Amino acid sequence: MASTPSPRTATTTLQNSLLSSSSSSVNHNKPSNLSFLHASSNSSSLKLFHSVSASFSPSNSSSTICNVIKTVESADISFSNARDLDGVVSIPKPTILVSEKLGEAGLDLLRSFGNVDCSYDLSPQDLCAKISLCDALIVRSGTKVTREVFEAAQGRLKVVGRAGVGIDNVDLQAATEFGCLVVNAPTANTIAAAEHGIALLTSMARNVAQADASMKAGKWLRSKYVGVSLVGKTLAVMGFGKVGSEVARRAKGLGMHVIAHDPYAPADRARAIGVDLVSFEQAIATADFVSLHMPLTPATKKVFNDDTFAKMKKGVRLINVARGGVIDEDALVRALDSGIVAQAALDVFTVEPPPKDSKLVQHENVTVTPHLGASTKEAQEGVAIEIAEAVVGALNGELSATAVNAPMVPPEVLSELAPYVVLAEKLGRLAVQLVTGGSGIQNVKVVYKSARDPDSLDTRLLRAMVTKGIIEPISDTIINLVNADFSAKQKGLRISEERVIVDSSPEYPVESIQVQISNVQSRFASALSENGNISIEGKVKYGVPHLTRVGSFSVDVSLEGNLILCKQVDQPGMIGQVGNILGESNVNVSFMSVGRTVRRKQAIMAIGVDEEPNKDTQKKIGEVSAIEEFVFLKL
Ligand SMILES: NC(=O)C1=CN([C@@H]2O[C@H](COP(=O)(O)OP(=O)(O)OC[C@H]3O[C@@H](n4cnc5c(N)ncnc54)[C@H](O)[C@@H]3O)[C@@H](O)[C@H]2O)C=CC1
Ligand SMILES: O=C(O)C(=O)COP(=O)(O)O
């Protein structure tokens, strides 16, 4: 193949980084699963190969690890191959479809790399019709990138770029199944969203939108639109992440007393800007204003509902620039009608756009904006550049720090580590559930005992899976090998690793994995080791992950289903008593293990259960006199 690059093509870097000119198969050892461009040496025909990537969702980690090894060859790429006059084969430019308005600087960057098709307001049918001619798609929150879109792409779509934070409009599972990388731009619109939150807060307090509408209708209603002052009032920031902390900082500047609720934010980061982290109940019961900045996850869906509104101060005011789905919108209408909520200012809605006759939108005490949080010139330029760089990088086959669905590990490493990957995630998931809400997690240490030389043990995937286990239950980010470190850093989480070389068989990559979380309180004090850290350890036995240590106690339970940990006085009959209570409420016990430090003193009982025991059953377990503490953990 000729080596002179054509200036009219965008292929130089592609060729340099990805082109495998002599092999006819995908190079699995290359630590990238994006696109491998292969030019056959005896043919001018260019083919694009996709390696199917794995999704590491908790429910399917082991099966998809096997899938990752599968490689499929796509059809010939459809942009035509061209030869320059001097005979140099030029690879056609990729086509990038931009389906929503994107800043010019980002578009310029994309145009310098590929053919850019800006087609806004496409119907779902039109999007599906176009997508098979596109290598990349860039969207904001208005385009639904559904399974149908990936199906219609017929294997050509390599990357979807979300020019913003929330990726709830992209079917990530489908993207992963179709081998399509999804990247987002998580930082460039933080300030814009925070400023919009403050704009809604202040304009709501002074009835700016309502007064403006009434004047335009020819009225002069000075006494109707008397507002409320902000100084000295309490603002509860729900979700103390990137946007929430910037809102808090600004509200302090307005003279407000700011508290925040975020079970996973470090208290010292809040204290540094004069904000107290409090419990959910305390936040909603004491606030005059409540501003929402948490992600939409199963745990936060409709978390503001009839029950929570009933616990709020009468006359509370609510701001939402996060996601509409965290509020039960019907319950909010009821709370507004009853006066519990005096006013609400909303930028986001469960369905966007909301129905024209939405009672919430039409309510006279509600101020609305059409999802404008990220819509400043500056944020849109920033987001556009951030996403354009990520998409171009992905088309070049580079690792992306903001990839949300693409693990990149050689298949042979994956297959060997598969059971340890499951163990690592489960240990992370267990460890985070042992932390008392509100403690804030900062330091996590993962200790691998292994007989292997450190150089021949690649722990990136294991570390990523521990990180995934810790972060996913508390965020809407999907963690994988690519974004694990980035996400941990974003959340102020320091994950350190230690290798302990043991004298056992190097046939197995890892003997045990220990996860330690330091400087936190535990819901289960016995999980604290002598040095005060939450510490749990697991091993893989016959291919199945097992929990082998909790704090200073040895146990041996396979990590399947759910787990109850009890600390009790080591005496006869304990297994029977707890087993009976579970049996009476039809909770099936899959295994039990008792570990103790000293005979007839304290012991830990680990009980695997298929079903989640209800509150009554848990209460009964807690009432067994010899049981000192217990905790229910979902695996
Ligand atoms: N309206 C708009 O145009 C925009 C909306 N957003 C939305 O704002 C939200 C926040 O975005 P970022 O600050 O960038 O995300 P982030 O990930 O930095 O912060 C989210 C915080 O919520 C916390 N959290 C998780 N579960 C929680 C719970 N149950 N209760 C309280 N806190 C909880 C997390 O620990 C984290 O600190 C997201 O939903 C995002 O989609 C972001 C940008 C623009
Ligand atoms: O970044 C986010 O999460 C947003 O909600 C911004 O949405 P947008 O890009 O303005 O449609």
Side-chain angles (χ1 to χ4, degrees), residues 99-103 106 138-144 161-170 184-197 199-200 236-248 260-266 269-270 277-281 283-284 290-304 308 319-327 345-349 352-353 368-376 379-380 382-384 386-387 402 432 437-438 440-441 470-477 479 483 486-493:
S99 70
E100 287 175 79
K101 185 128 181 49
L102 196 69
I138 295 185
V139 301
R140 287 175 58 188
S141 61
T143 307
K144 305 276 174 268
R162 187 341 189 171
V165 183
I167 36 150
D168 39 300
N169 52 323
V170 180
N184 73 348
T187 54
N189 67 20
T190 301
I191 298 300
E195 287 179 350
H196 197 62
L200 289 178
V237 170
M238 310 300 283
F240 196 71
K242 295 188 292 294
V243 179
S245 52
E246 291 300 332
V247 165
H261 169 69
D262 187 325
Y264 316 110
R269 210 177 73 202
L277 281 183
V278 298
S279 68
F280 182 86
E281 305 284 330
I284 60 168
V290 176
S291 192
L292 311 187
H293 303 288
M294 67 256 280
L296 177 61
T297 65
T300 61
K301 189 175 176 195
K302 294 195 181 178
V303 73
F304 295 93
T308 39
I319 302 110
N320 188 8
V321 288
R323 279 294 177 269
V326 301
I327 297 178
L346 310 171
D347 184 46
V348 283
F349 305 88
E352 295 185 357
V368 286
T369 49
H371 202 146
L372 290 181
S375 294
T376 62
Q380 282 312 307
V383 163
E386 200 176 354
I387 203 63
T402 64
V432 74
I441 304 172
I470 290 175
I471 293 181
E472 279 193 349
I474 60 176
S475 112
D476 63 355
T477 318
I479 308 292
N483 67 1
F486 177 81
S487 302
K489 203 170 158 203
Q490 287 278 310
K491 298 200 177 297
L493 206 65

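Just so it is clear, the model here is predicted, and its values are computed rather than measured. Atoms within a ligand are numbered from 1 in the order they appear, just like the ligands themselves.
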K.L.:
How far is atom 10 (O) of ligand 2 from its nearest protein heavy atom, and which residue and atom name does that atom have?
P.N.:
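Nearest protein contact, heavy atoms only, for atom 10 (O) of ligand 2 is Arg140 NH2, 2.9 Å.
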K.L.:
Using heavy atoms and a threshold below 4.0 Å, how should the contact between Ala193 and ligand 2 be classified: side chain, backbone, both, or neither?
P.N.:
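No part of Ala193 comes within reach of ligand 2.
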K.L.:
Consider every N or O of Gln380 and every N or O of ligand 2, then say whether any pair is closer than 3.5 Å.
P.N.:
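No - when backbone and side-chain N and O of Gln380 are compared with those of ligand 2, no distance drops under 3.5 Å.
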K.L.:
Please identify which atoms of ligand 1 are closer than 4.0 Å to at least one heavy atom of Thr300.
P.N.:
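Those of ligand 1 that fall under 4.0 Å from Thr300 are 28 (C), 29 (N).
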K.L.:
Please work out which of Val321, Leu346, Val383 has its closest non-hydrogen atom nearest to atom 1 (N) of ligand 1.
P.N.:
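Closest candidate by heavy-atom distance is Val321.
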K.L.:
Short N/O distance, under 3.5 Å, between Val243 and ligand 1?
P.N.:
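Yes: some nitrogen or oxygen of Val243 is under 3.5 Å from one in ligand 1.
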K.L.:
Report, in ascending order of atom number, the atoms of ligand 2 lying under 4.0 Å from any heavy atom of Arg323.
P.N.:
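Listed by number with element: 2 (C), 3 (O), 4 (C), 5 (O).
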K.L.:
Got a second to check how far Lys144's NZ is from Glu352's CD, nearest 0.5 Å?
P.N.:
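Answer for the NZ-CD pair, Lys144 versus Glu352, is 7.0 Å.
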K.L.:
Could you give the distance from CZ (Arg323) to CG (Asp347), rounded to the nearest 0.5 Å?
P.N.:
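Nearest 0.5 Å value for the CZ-CG distance: 9.0 Å.
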K.L.:
As a check for students: among Leu296, Val247, Asn189, Ile441, identify the option with a heavy atom nearest to atom 43 (C) of ligand 1.
P.N.:
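Among Leu296, Val247, Asn189, Ile441, the closest heavy atom to atom 43 (C) of ligand 1 belongs to Asn189.
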K.L.:
Quick one: does Tyr264 get an N or O within less than 3.5 Å of an N or O on ligand 1?
P.N.:
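No; the residue has no nitrogen or oxygen that sits under 3.5 Å from a nitrogen or oxygen of the ligand.
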K.L.:
Taking only heavy atoms of Ala374, which atoms of ligand 1 are found under 4.0 Å from at least one of them?
P.N.:
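Those qualifying, in numeric order: 3 (O).
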K.L.:
Please tell me if the side chains of Ile284 and Phe304 come closer than 4.5 Å, counting only heavy atoms from C-beta onward.
P.N.:
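The answer is yes; the side chains approach within 4.5 Å.
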K.L.:
Just how far is it from atom CD1 of Ile471 to atom CD of Gln490, taken to the nearest 0.5 Å?
P.N.:
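Here the interatomic distance stands at 10.0 Å.
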K.L.:
Any heavy atom of Ala299 sitting closer than 4.0 Å to ligand 1?
P.N.:
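It does not, in that no heavy atom of Ala299 comes within the 4.0 Å cut-off of ligand 1.
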K.L.:
Examine ligand 1 and decide if any of its atoms is less than 4.0 Å from a heavy atom belonging to Ala322.
P.N.:
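So Ala322 counts as touching ligand 1.
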K.L.:
Counting each atom of ligand 2 from 1 as listed, which ones have a heavy atom of Gly164 under 4.0 Å away?
P.N.:
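Numbered from 1, ligand 2 contributes 1 (O).
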K.L.:
With atom 10 (C) of ligand 1 as the reference point, say which of Lys491, Glu246, His293, Arg140 has the nearest heavy atom.
P.N.:
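Comparing heavy atoms across Lys491, Glu246, His293, Arg140, the nearest one to atom 10 (C) of ligand 1 lies in His293.
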K.L.:
For atom 42 (C) of ligand 1, which of Asp168, Val165, Thr369, Ile167 has the closest heavy atom?
P.N.:
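When every heavy atom of Asp168, Val165, Thr369, Ile167 is considered, Val165 comes closest to atom 42 (C) of ligand 1.
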K.L.:
Could you tell me, atom by atom, which parts of ligand 1 come under 4.0 Å of a heavy atom of His371?
P.N.:
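What qualifies from ligand 1 is 1 (N), 2 (C), 3 (O).
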K.L.:
If you have a sec, work out which protein heavy atom is nearest atom 1 (O) of ligand 2 and how many Å separate them, to one decimal?
P.N.:
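Closest protein heavy atom to atom 1 (O) of ligand 2: Val165 N, 2.6 Å.
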K.L.:
Could you see which bit of Ala374 sits under 4.0 Å from ligand 2, with heavy atoms only: side chain, backbone, both or neither?
P.N.:
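For Ala374, only side-chain atoms sit under 4.0 Å from ligand 2.
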K.L.:
Would Asp347 count as being in polar contact with ligand 1, using the rule that some N or O on each side must be under 3.5 angstrom apart?
P.N.:
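N/O-N/O distance under 3.5 Å: yes.
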K.L.:
Counting non-hydrogen protein atoms only, what is the nearest one to atom 5 (O) of ligand 2? Give residue, atom name and distance.
P.N.:
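Protein heavy atom with the smallest distance to atom 5 (O) of ligand 2: His371 NE2, 2.6 Å.
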K.L.:
Has Gly373 got any heavy atom lying under 4.0 angstrom from an atom of ligand 2?
P.N.:
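No.
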K.L.:
Out of His196, Arg323, His261, Lys242, whose heavy atom is nearest to atom 31 (C) of ligand 1?
P.N.:
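The residue whose heavy atom sits nearest atom 31 (C) of ligand 1 is His261.
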K.L.:
Classify the contact between Pro263 and ligand 1 as side chain, backbone, both or neither, using a heavy-atom distance cut-off of under 4.0 Å.
P.N.:
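Within the 4.0 Å criterion, Pro263 contacts ligand 1 through side-chain atoms alone.
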K.L.:
Could you state the interatomic distance from CD (Glu386) to CZ (Arg162), rounded to the nearest 0.5 Å?
P.N.:
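The CD atom of Glu386 sits 11.5 Å away from the CZ atom of Arg162.
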K.L.:
To the closest 0.5 Å, what do you measure between OG1 (Thr308) and CD (Glu281)?
P.N.:
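Result: 9.0 Å between the selected atoms.
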K.L.:
Provide, to 0.1 Å, the distance between atom 11 (O) of ligand 2 and the closest protein heavy atom, together with that atom's residue and name.
P.N.:
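Result: Ser141 OG, 2.4 Å.
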K.L.:
Is it the side chain (CB and beyond), the backbone, both or neither of Gln490 that lies under 4.0 Å from ligand 1, heavy atoms counted?
P.N.:
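Contact part for Gln490 vs ligand 1: neither.
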K.L.:
What atoms of ligand 1 come closer than 4.0 angstrom to any heavy atom of Ala193?
P.N.:
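Counting atoms of ligand 1 from 1, those under 4.0 Å from Ala193 are 43 (C), 44 (C).
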K.L.:
Which of the atoms in ligand 2, numbered in the order shown and given with their element, are less than 4.0 Å from a heavy-atom of Gly166?
P.N.:
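Going through ligand 2 atom by atom, the ones under 4.0 Å from Gly166 are 1 (O), 2 (C), 3 (O).
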K.L.:
Ala163 heavy atoms, cut-off 4.0 Å: which ligand 2 atoms fall inside?
P.N.:
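That gives atoms 9 (O) of ligand 2.
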K.L.:
Where does Val348 meet ligand 2, judged by heavy-atom distances below 4.0 Å: at the side chain, the backbone, both, or neither?
P.N.:
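No part of Val348 comes within reach of ligand 2.
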K.L.:
How long is the straight-line distance from CG of Leu296 back to NZ of Lys302, given to the nearest 0.5 Å?
P.N.:
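It is 11.0 Å, given to the nearest 0.5 Å.
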K.L.:
Tell me whether ligand 1 is touched by Thr190 - counting only heavy atoms on the residue side and a distance under 4.0 Å.
P.N.:
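Heavy atoms of Thr190 never come under 4.0 Å of ligand 1.
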K.L.:
Would you tell me which option among Arg162, Glu100, Lys101 has the nearest heavy-atom contact to atom 9 (O) of ligand 2?
P.N.:
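Looking at heavy atoms only, the winner is Arg162.
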